[in-house]
Amino acid sequence: MDLNYTAEDVAFRKQVRTWLEQNMPRQIQNLDERKAWHRKLYEGGYLGMGWPREYGGQGARPMEQAIVADEMARAGAPAPTNSLGVGIVGPTIVVHGTDAQKRRYLRKILTAEEMWCQLYSEPNAGSDLAALRTAAEDKGDHFLVNGQKIWTSGGALADWGLLLARTDPAVAKHKGISCFLMNMRQPGVDVRPLKQITGSSEFCEVFMTNARVEKENQIGRLGEGWGIAQTTLGYERGGRALARITTYASQYKNLLNAARRLKRNGRPILDDAVTRQKLGRIWADLEVERYGALRTLTMLERGEHPGAGGSLTKLSYSEFEKRFMELAEEILGPYGQLTEGVPAEYRLEVDTAVGDHGTWAYAFLWSRAGTIYAGSSEIQKNVIGERILGLPKESRADRVGGTR
Ligand SMILES: Cc1cc2nc3c(=O)[nH]c(=O)nc-3n(C[C@H](O)[C@H](O)[C@H](O)COP(=O)(O)OP(=O)(O)OC[C@H]3O[C@@H](n4cnc5c(N)ncnc54)[C@H](O)[C@@H]3O)c2cc1C
């Protein structure tokens, strides 16, 4: 593990910090303003940085991407939008798309002129994604799509979706799946937002009834969808590794300040020995997360693939976040549960583009998501058991481990 930044990295960090000071909006009120900020980041060279230059990226190193995300977290910069477009769809098109698809779609992802969602999970196909049942029927010059997706993040805002659908029900389940780019703005696509525990409606159900996908919007060959979905797309990988820690650390500082102010039995909560021990434990855990992030970044910088090791990092940070937020709730009492009218000293200064409203209550509820998306904790443990520890395999060999 390399714990030192090169002189080049230090200079780059300074450049990013100065750019943010000069360009960062203090507050984002609506989607148009978020798109404008997204475009500004792109024009500044700070978005889609890992993409190849010919498609609008910078061909940047993982460390440069991590430094930008880290400086944004440090400055409390608003998040850009179209994260699935930039993080998953764009890289998929770069790797598997035709030249025409690259010309047609990539730039508009980076400018947020076209918003994207990921249409993988279904009511009975999450961890076991290969069980998906949405069908795409070949009609000569186009495909006709029928079925239902669920947990579609950003579905209500999306102009396009990256779709996995079954094109051959007769072969083994993971061999009959293909990948498409589907226009979300057509009569056969019905998007229904789901109200979440947080109060916002970022997720959607998507119903497709004779929806149309043009042949030119098939990605890769028929039946190759499973492989495409499995491709670990490295352009943005590890990019948020450091930023995540910086955000936790600034939240931790907020929590310490609150613990100094709030009283229990007439004394500041911070004077309570048990609370101090718990806070100390969280800080120690946070340092473990920091070294985990640096280890991942070191590997990526060397051109190595974290492979199943990515499951260790994911399991570790998502479970840590839950523990951290549970302690915050314990310390903050009612201030940890209020979503409105929270005094400034008991608020959080974060903006993740999913509308966390700066409250601990939102951050606590959102922390439950991390152990589900992109492969639940149980799935990560299966991967660690099988691929790192060499334990006997689960019988369902074609299980994927989730999306997003
Ligand atoms: C915040 C968030 C955003 C998301 N965004 C998207 C998106 O944009 N697009 C999209 O397509 N999907 C998205 N998802 C869906 C996500 O990929 C699935 O929720 C995830 O894969 C789990 O699938 P499931 O919800 O169907 O749960 P299930 O697979 O039904 O799992 C239920 C429970 O059983 C456990 N389990 C399942 N299989 C096994 C096994 N083999 N061994 C041990 N335990 C097991 C799981 O760990 C879990 O606890 C999102 C989810 C979240 C939380």
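What you see below is based on every heavy atom in this structure, not just the backbone, and it leaves out hydrogens, waters and symmetry mates.
With hydrogens and angles disregarded, a donor-acceptor distance shorter than 3.5 Å links the side chain of T246 to the backbone of L242. H38 places a side-chain N or O within 3.5 Å of a backbone atom of T81 that can act as its donor or acceptor partner. Side-chain atoms of R323 never come within 3.5 Å of backbone atoms of I282 as a donor-acceptor pair (strictly under, hydrogens ignored). Judged purely by atom type and a 3.5 angstrom limit, Q148 has no side-chain atom pairing as donor or acceptor with the backbone of E205. At least one donor-acceptor pair under 3.5 Å links the side chain of N23 to the backbone N or O of W19. Under a 3.5 Å cut-off, the side chain of N210 and the backbone N or O of L144 do not form any donor-acceptor pair.
Applying the side-chain hydrogen bond (donor to acceptor under 3.5 Å, both in side chains) test to pairs two or more places apart or on separate chains, those with a residue in residues 157-171 are D159-R185, T167-S178. Contacts classified as salt bridge (Lys or Arg N to Asp or Glu O under 4.0 Å) and involving residues 78-89 (residues at least two apart or in different chains) are not found. Residue pairs meeting the salt bridge (Lys or Arg N to Asp or Glu O under 4.0 Å) criterion with at least one member in residues 142-157, sequence neighbours excluded: E122-K149.
Every side-chain contact (heavy atoms from CB on, under 4.5 Å) that R302 has, sequence neighbours left out, goes to T298, E304. Residues forming a side-chain contact (heavy atoms from CB on, under 4.5 Å) with A165 (at least two apart in sequence, or on another chain): T134, A136, L163, F180. Remark: Y55 engages no residue in a ring pair (Phe, Tyr, Trp, His ring centres under 6.0 Å) (not counting sequence neighbours). Partners of Y317 according to the ring pair (Phe, Tyr, Trp, His ring centres under 6.0 Å) rule, which considers only residues two or more places apart in sequence or in another chain, do not exist here. Scored by the side-chain contact (heavy atoms from CB on, under 4.5 Å) test, A308 finds V383, R387, I388 as partners (sequence neighbours excluded). In this structure R281 satisfies the salt bridge (Lys or Arg N to Asp or Glu O under 4.0 Å) test together with D285, sequence neighbours excluded. Remark: A135 engages no residue in a side-chain contact (heavy atoms from CB on, under 4.5 Å) (not counting sequence neighbours). Not counting sequence neighbours, the partners of Y346 by the ring pair (Phe, Tyr, Trp, His ring centres under 6.0 Å) test are Y335. Qualifying ring pair (Phe, Tyr, Trp, His ring centres under 6.0 Å) partners for F320, counting only residues two or more places apart in sequence or in other chains: Y248, F324.
No side-chain donor from either of Q118 and S153 sits under 3.5 Å from a side-chain acceptor of the other.
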Taking it one step at a time, do E113 and T111 satisfy side-chain hydrogen bond (donor to acceptor under 3.5 Å, both in side chains)? CA-CA 5 Å; E113 281 168 90; T111 58; 2.6 Å; yes
